[in-house]
Amino acid sequence: MIQKIFHPTVHLVVTLVWMVVALFMIFLYAPQELMMGEVQRIFYIHLPSAWTAFVAYLVIFLGSVGYLWKRSQEADEWAQAAGEVGFVFCSCVLVTGPLWAKPVWGIWWTWDARLTSTFVLWLLFVSYSMLRSYLVNPARAASLAAVVGVIGFVDVPIVYMSIRWWRTQHPQPVIFGGEGSGLDPRMWATVLVSFGAFFCLFLYLFRQRIWLLRAERELSALRRRLPSRPSKEWSD
Amino acid sequence: MHSLKVIWAIFVKDIKVEWRSRETLASMSLFGLLIVFLFNFGFEPAREETLRLLPGLLWIAFAFTGILGFNRSFAGERENQCLEGLSLAPVDPGAIYLGKVLANLFFLIVAEAVIVFATSLWYNFSFLPSLSWFSCVLFLGTLGYVAIGTIFAAVAANTRMREVMLPVLQFPVAVPVFVGAIEATNGALKGDAPGDYASWVKLLAGFSVVFLVLSFLLFEYVLEE
Amino acid sequence: MPRETPHGKAGLELREVSKFFGDLEALKKIRLRIEPGDSLLLYGPNGAGKTTLLRVLATLSRPSEGQVLFGGEDIYRNAARTKAAIGFVSHATFLYGELTAFENLEFVGTLFRLDNLEKKVRDVLDRFGLGGRAKVPVRELSRGFQQRVSLARAFLHDPDFLLLDEPFTGLDAQAAKNLAGLLRELPEQGKTLVFSTHDFEQGAAVARRLVVLEEGTVRYDGELSSARLEALGIGR
């Protein structure tokens with residue numbers, strides 16, 4: 001249905017154009033940040049990938065619940081695709097974070113609440129996809145992955161809260177006020193456009209992965225229909 | 001009420017199996033002791049530092065000891081596909097989960113007691129003044145850890161390389177347990193007023209409740225094929 | 001309410017049941033009615049789907065497509081009722097090696113809410129000639145005796161349906177003869193028997209109905225006595 005109305009190639013072109021617009025806004029439209037200088041522009045990559053990663057985890061959760069509730073194979077495919085694509089975006093957050101932190105804070109990494117939680121989220125993405133590839137019995141894959149998906153999703157806010165409380169009790173490097181506090185309207189516009197580009201890219205990768213999963217499923221169905229008689233000489 | 005009987009029957013069965021084989025508890029305790037022992041070479045804590053390092057040391061030892069125990073607890077169920085045998089019975093799958101939780105809780109707490117005792121001797125640290133609050137923290141932290149560990153061990157039992165899969169699944173999700181338990185243990189051992197670390201104790205209790213209930217509901221899907 | 005047959009008992013029915021494991025299709029749109037009082041032999045070469053079929057009936061494996069009905073109602077609708085009515089023996093013994101035969105059965109009996117448990121356990125142990133070995137840890141028993149305990153486990157709760165996958169495995173000549181005698185009596189007691197064996201003669205001495213499976217499909221279903229065995233490739 002969606003494949004027909006909004007062809008993947010059209011989707012790809014839209015994504016690329018949007019990304020060019022986002023790049024233009026990031027480097028030419030958004031004003032320079034006073035304290036951090038040019039390096040702050042990585043923020044327009046960092047934050048949208050983080051939001052996209054959260055959306056991906058939400059999709060894992062919805063897909064998992066959908067599978068457990070309706071046993072819908074499609075829901076399982078959604079969860080699997082979101083897990084893999086989300087991993088890419090979450091990794092992007094973890095790479096851009098230190099690149100930004102080093103010149104600004106003078107350190108690559110600090111165990112601050114947001115960084116630590118993002119790292120835990122990344123681990124959850126890793127363990128979710130790893131579980132899928134190590135399962136022995138394919139008939140059990142969907143339900144086991146769904147159980148892990150649901151538990152992980154419920155865990156994320158608890159992790160965030162606990163790490164926040166933990167950090168408030170310990171000394172930490174001085175960090176500028178919360179992201180987004182007192183942002184210039186042009187900065188806001190840039191963040192939102194950039195998020196749009198990232199989200200569009202996410203949707204593109206996501207649908208392509210689902211398309212691939214479906215193709216695999218259809219191939220499996222075709223293979224099952226092949227007459228297989230390798231053990232004839234053994235049977236009598 | 002049938003479910004309570006089932007939970008108890010599974011617990012008693014695990015205790016009996018352990019009593020005959022004496023494999024799980026011995027290996028868990030020994031493993032925990034080795035971690036505490038090796039820690040000594042890594043940090044060589046001076047007397048006054050002990051208190052600062054102890055909570056972390058203990059919980060890292062408990063974490064790895066727990067992983068060992070959870071894996072073993074389902075290795076026994078896997079042997080003759082006993083887990084399938086359990087799901088043939090007309091019982092609530094959640095009751096099977098709670099029975100395994102109870103057994104794992106028992107084993108891990110016994111192993112923790114051994115580890116705490118050895119730590120007390122080796123690091124010349126007396127747990128007696130803070131024993132009641134320390135035990136409370138230890139119990140709640142262990143409960144939360146076991147709640148997650150039991151369901152993940154059942155999941156990991158279906159994978160290749162399950163010894164690796166379990167910690168990969170378990171540790172990220174258990175982060176709140178470690179954070180809360182280490183902070184609360186720290187408070188308890190320092191002899192702070194319980195009110196100072198009550199929020200951590202509440203976190204541990206909340207975590208335990210949330211994941212016990214959730215896993216109770218989800219365990220059915222872990223068993224199905 | 002489940003529909004009851006004139007015998008006053010519910011039957012099992014597979015409706016277009018398929019089961020996939022990835023590329024493998026173990027069962028292909030199987031249609032089969034198992035009436036109360038049936039004595040049914042599942043026969044076929046390795047990999048024909050006998051084990052999968054029995055596992056699907058025993059609620060251990062959910063059909064990928066299709067439905068299994070118990071008394072006209074999906075077997076998962078009231079899973080506890082279905083499970084209480086089924087006794088299952090598989091390749092795996094489902095026994096705890098450290099526990100004795102008595103303890104294993106006592107444990108299972110508790111899960112099945114049996115009253116008067118001790119007497120029932122003793123009776124079933126005697127029935128399978130295990131009286132003298134009731135106090136020996138199962139691990140120390142030979143494969144043949146373990147098989148007997150496994151059979152006792154399936155008969156313990158006096159189920160209406162006995163689903164036995166290769167029940168003669170490991171039994172010596174005398175034990176096999178005893179088991180065959182016991183299985184022959186089941187229909188008169190109003191029980192239903194479905195079992196598989198690779199030894200056709202042994203199975204034919206017990207069953208009245210024959211279902212031949214081949215590559216996940218039913219090749220023959222009918223009276224065992226009227227089956228044209230040569231045409232089915234079953235050498236006598």
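Chain identifiers are assigned alphabetically (A, B, ...) following the order of the sequence lines, protein sequences preceding nucleic acid strands; residue numbering begins at 1 within each chain.
C:D165 and C:K50 are not joined by a salt bridge, as no carboxylate oxygen comes within less than 4.0 angstrom of a charged side-chain nitrogen. A salt bridge links C:D123 with C:K119: at least one charged nitrogen is closer than 4.0 Å to a carboxylate oxygen. Electrostatic pairing of C:R31 and C:E16 counts as a salt bridge here, judged by a charged N lying under 4.0 Å from a carboxylate O. Between B:E77 and B:K13 a salt bridge is recorded (basic side-chain N to carboxylate O distance below 4.0 Å).
Residue C:A79: no heavy atom, backbone or side chain, is found under 4.5 Å from chain B. Heavy-atom distances place both the backbone and the side chain of B:E84 under 4.5 Å from chain C. Neither the backbone nor the side chain of B:L83 comes within less than 4.5 Å of any heavy atom in chain C.
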Take C:F70 and C:Y76, measure what ring-ring contact (aromatic ring centres under 6.0 Å, His included) needs, and give me the verdict at the end. CA-CA 9 Å; C:F70 176 40; C:Y76 289 98; over 10 Å; no
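Interface summary for chain C: among B:V17, B:V91, B:L223, the most heavy-atom pairs under 4.5 angstrom belong to B:V17. The greatest number of non-hydrogen atom pairs below 4.5 Å with chain B, out of C:F88, C:F107, C:Y96, is found for C:Y96. Between chain B and the options C:I86, C:L95, C:T82, C:N104, the largest number of non-hydrogen pairs under 4.5 Å is found for C:L95. The choice from C:T93, C:L60, C:T110 that makes the most heavy-atom pairs within less than 4.5 Å of chain B is C:L60. Chain B forms the most heavy-atom pairs under 4.5 Å with one residue out of C:R55, C:H157, C:Q146, and that residue is C:R55. The candidate from B:Q81, B:H2, B:E224 with the greatest count of non-hydrogen atom pairs under 4.5 Å with chain C is B:H2.
Counting heavy atoms from C-beta on, the side chains of B:L98 and B:I10 never come closer than 4.5 Å.
Remark: C:R153 is not positioned above the aromatic ring of C:F94, lacking an NZ or CZ atom under 6.0 angstrom from the ring centre and at most 45 degrees off the axis.
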